[in-house]
Amino acid sequence: MNDISPRVRFAPSPTGDLHVGNARTALFNWLFARRYGGRLVLRIEDTDRLRTSRVFEENILADLAWLGIDWDEGPGRGGPYGPYHQSERLSLYRECLERLIAAGMVYPCFCTDEELEAERLSLLSQKLAPRYLGKCLGLDEEERRRLEASGRPAAWRFHVPPGLIAFHDLIRGDMRFAGETLGDFIIVRSNGIPAYNFAVVVDDHHMGITHVIRGEDHLSNTALQLLLYRALGFAPPRFAHHALILGRDRAKLGKRHGATAVREFREQGVLPEALVNYLALLGSSFEAGREFCRREETVASFSLDRAGKSGAVFDEDKLRWLNSLYIRQEAPEILARRMEPFVAAAGYGKIGVSRLHGIIEAVRDNINDLTEIGDYLRIFDDEAYDLSPEARAIIAGPEAREVIASLLALLAEPLADDRGDPEDREDKGGRGDKVDPGGPDGPVAWEDGGGRGGRGDRGEPSDRGEGKATGDRAALGDPEAKEDKGGRGDGDGLGGRGDKVDPGGPVGPVAREDGGDGGEPGDLEASARKSDGPAFTAGSRGGDGLAGADDEMTPSHYRAIIERLAERTGRRGKRLFLPLRAALTGRVKGPELDRCFAVLGRASLRRRLEKALTA
RNA sequence: GUCCCCAUCGUCUAGUGGCCUAGGACACCGGCCUUUCACGCCAGUAACCGGGGUUCGACUCCCCGUGGGGACGCCA
């Protein structure tokens, strides 16, 4: 075993959910261990019998796992320094206590809570620091024996010797405390269970911890612990105290500041990668002013001396911003899987995979957290179709009705007209819009693809980079395809009202247009955006109102249709789009309209337009 | 109250004596792009807590104030 490699630990007490502050401490330790090839020990500090709960412990472990913070030794993993629950290490503490008793460095204290409280108040009223004055230290043998005989339980206090206690903190520099100001503290309670400072020292030493990285709120405990190391003859580890996370009011982040538990963020649709990124960034900084930094890179560049010394306010806006970045570049399959619980929560648990992918691809640029998918699922759900007051107001205008009616008419026209040969457009290079939807100037869009690197998903270009032609079923390079039962390639006719036809449906490739090549690290934030989505074609039946499009019209087809609509009505811009958006989605904002069209499909489109007209 | 820590835009930060007329990001505000909102792109508003030193020269070093935070439990 090499003594060079550091051993750090994260030691939560299972008395509540994992708080982001603690999660950040855990992350720092994890980062430190990974960065320097050390080991992370997870130790459960369950010495507070009343508040400790098994459920909390399980939740904490689950939250750490969710964050991707794994430990090398500890619950569930074992290790050579176990057990890893303090409640199972009582004999060890007992031994150490005996040694201190033998050395005469501790004494039994018979003071009651009331006595202690009275002393505290008295000191406070004299404007003195509240601390134990050592009443029981002066007990003579006889009194001591009498108290013991009376059955009064005694706690053990460590007698703090006068003198300077100095140490070097890896983050804050040289630190010094005067022993005189400390007051004797309890190391073993009257119920025989060790108190925090004692258990920590005994465990950190016996577990071979080399670096203690924890919050600044433990700074003053360090002095006490150092005294214990000295008394026990243990070599102390190195210490690093990071600043705390603050709430908007600059006070230590707590319950009154809203969401503070990792669990809550998870429920709010925050991705673990985003939270980890944010926590690593908070009160610190990556090199070169980077903000978006994946785990691996964070590990590679991690250093204790990049940690700031002052408290940092937790900024949910920034967390959400990072989250939106991760949502936008996450591989579709993974994103879809992450969305599952939220989709189910919105009541669409049975939606078809390809259908879901289509919707996700259409809206991912519009959402900042996973819960927002619910809204969009509803928008695309025919059964939930409903006009918001704003939408209703827009549709009420005669001009709007005219636009809607025109689109309806246009949709009724022979398909041949607006359907083109979709193949190829979104090929990697982006160029391709051949489509030519029946009109002279076909859509000229999608010219962006070209030089812009893609969305820079460093790492997993292949999963999404291959823009696939849409019309062609064969092209489903979509890995997810298999999940769609029987993606048999039915004819492309729109003849069949999709519902019945082919449940598995042609799976629209979920890929995005961009070339996966782009992405040098760092360009994500500036990556190219617009892409013409895939054809959100026919979907599997969901059993809910999200049957899916009944044809294979792609966004580009619809662009062409919209173009013609513009010609016919002479309306452009918001005078054209707003009524359409309102009528189709019932909302005034949302994903690009052509994508919405494609997701809905022609039949649904018509039904909605008709409904809007009669609304 | 005592002890300890901290102090650059609203927020997170870069800055380690001259490169600073202080840089980046979020948020905000404009503009552009998109035949619409959003996304994206471009630009803008906005900070060195105060006072003394040290120095040829301080955001950077020292001291004192002030402000904020943390700790003062038989919680961890």
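Protein chains get the first letters and strands the later ones, always in sequence-line order, with residue 1 at the start of each.
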* Asked: Tell me: NE2 of A:His242 to P of B:rC4, nearest whole Å?
  -> 22 Å
* Which of residues 307-318 of chain A sit near RNA chain B, with a heavy atom under 4.0 Å from it? -> A:Lys309, A:Ser310, A:Gly311, A:Ala312, A:Val313, A:Asp315, A:Asp317, A:Lys318
* **Pair partner, B:rU11 [Watson-Crick or wobble, under 3.5 Å]** => B:rA25
* Please identify each residue that fulfils salt bridge (Lys or Arg N to Asp or Glu O under 4.0 Å) with A:Arg144, with sequence neighbours left out. => none
* To do: State which residues pass salt bridge (Lys or Arg N to Asp or Glu O under 4.0 Å) with A:Glu287; sequence neighbours excluded, sorted by chain then number.
  => none
* With P as the reference atom in both, quote the distance from B:rC75 to B:rC63 in angstrom, rounded to an integer. => 39 Å
* To do: Report the residues that fulfil salt bridge (Lys or Arg N to Asp or Glu O under 4.0 Å) with A:Asp317, sequence neighbours left out, ordered by chain and then residue number.
  => none
* Donor-acceptor pair under 3.5 Å: do we get one between A:Arg172's side chain and the base of B:rC5? -> no
* Looking at A:Lys135 and A:Glu119, does any basic side-chain N land under 4.0 Å from a carboxylate oxygen? -> no
* Return no unless some side-chain N or O of A:Arg176 is found under 4.0 Å from OP1 or OP2 of B:rC4. => no
* Please collect all salt bridge (charged side-chain N to carboxylate O under 4.0 Å, His left out) contacts where either partner lies in residues 167-194 of chain A, sequence neighbours excluded, each pair once. => A:Arg172-A:Glu216
* Asked: Can you list every salt bridge (charged side-chain N to carboxylate O under 4.0 Å, His left out) pair that touches residues 14-27 of chain A, not counting sequence neighbours?
  -> none
* Which one is paired to B:rG65, where only Watson-Crick or G-U wobble pairs with both distances under 3.5 angstrom count? -> B:rC49
* A:His257 and A:Phe314: aromatic ring centres closer than 6.0 Å? -> no
* Inter-nucleotide C1' distance (B:rC59, B:rU16), Å rounded -> 10 Å
* When you check every protein heavy atom under 4.0 Å of nucleotides 62-73 of chain B, what one-letter string (B, S, -) results, 5' to 3'? -> -------SSSBS
* With a 3.5 angstrom cut-off on both distances, give the Watson-Crick or G-U wobble partner of B:rC33, or none if there isn't one. => none
* Is A:Thr47 touching bases, backbone alone, or none of the nucleic acid, heavy atoms closer than 4.0 Å? -> sugar-phosphate
* Taking atom P in both B:rC5 and B:rG65, what distance in whole Å separates the two? -> 15 Å
* Take atom P in B:rA7 and the same atom in B:rC62, then report the distance between them in whole Å. => 11 Å
* **Identity of whatever pairs with B:rG18 - Watson-Crick or G-U, under 3.5 angstrom** => B:rC56
* Please state how far atom OH in A:Tyr376 lies from atom P in B:rC39, giving the value in whole angstrom units. => 10 Å
Sequence neighbours excluded and cut-off under 3.5 Å, please list the side-chain donor-acceptor pairs for residues 304-312 of chain A, or say none.
residue	atom	partner	partner atom	Å
A:Asp305	OD1	A:Ser303	OG	2.5
A:Arg306	NE	A:Ser285	O	2.7
A:Arg306	NH2	A:Ser285	OG	3.0

* Asked: A:Arg43: what forms a salt bridge (Lys or Arg N to Asp or Glu O under 4.0 Å) with it, not counting sequence neighbours?
  -> A:Glu45, A:Asp203, A:Asp204
* **Mate of B:rU2 where both pairing distances stay under 3.5 Å, Watson-Crick or G-U** => B:rA71
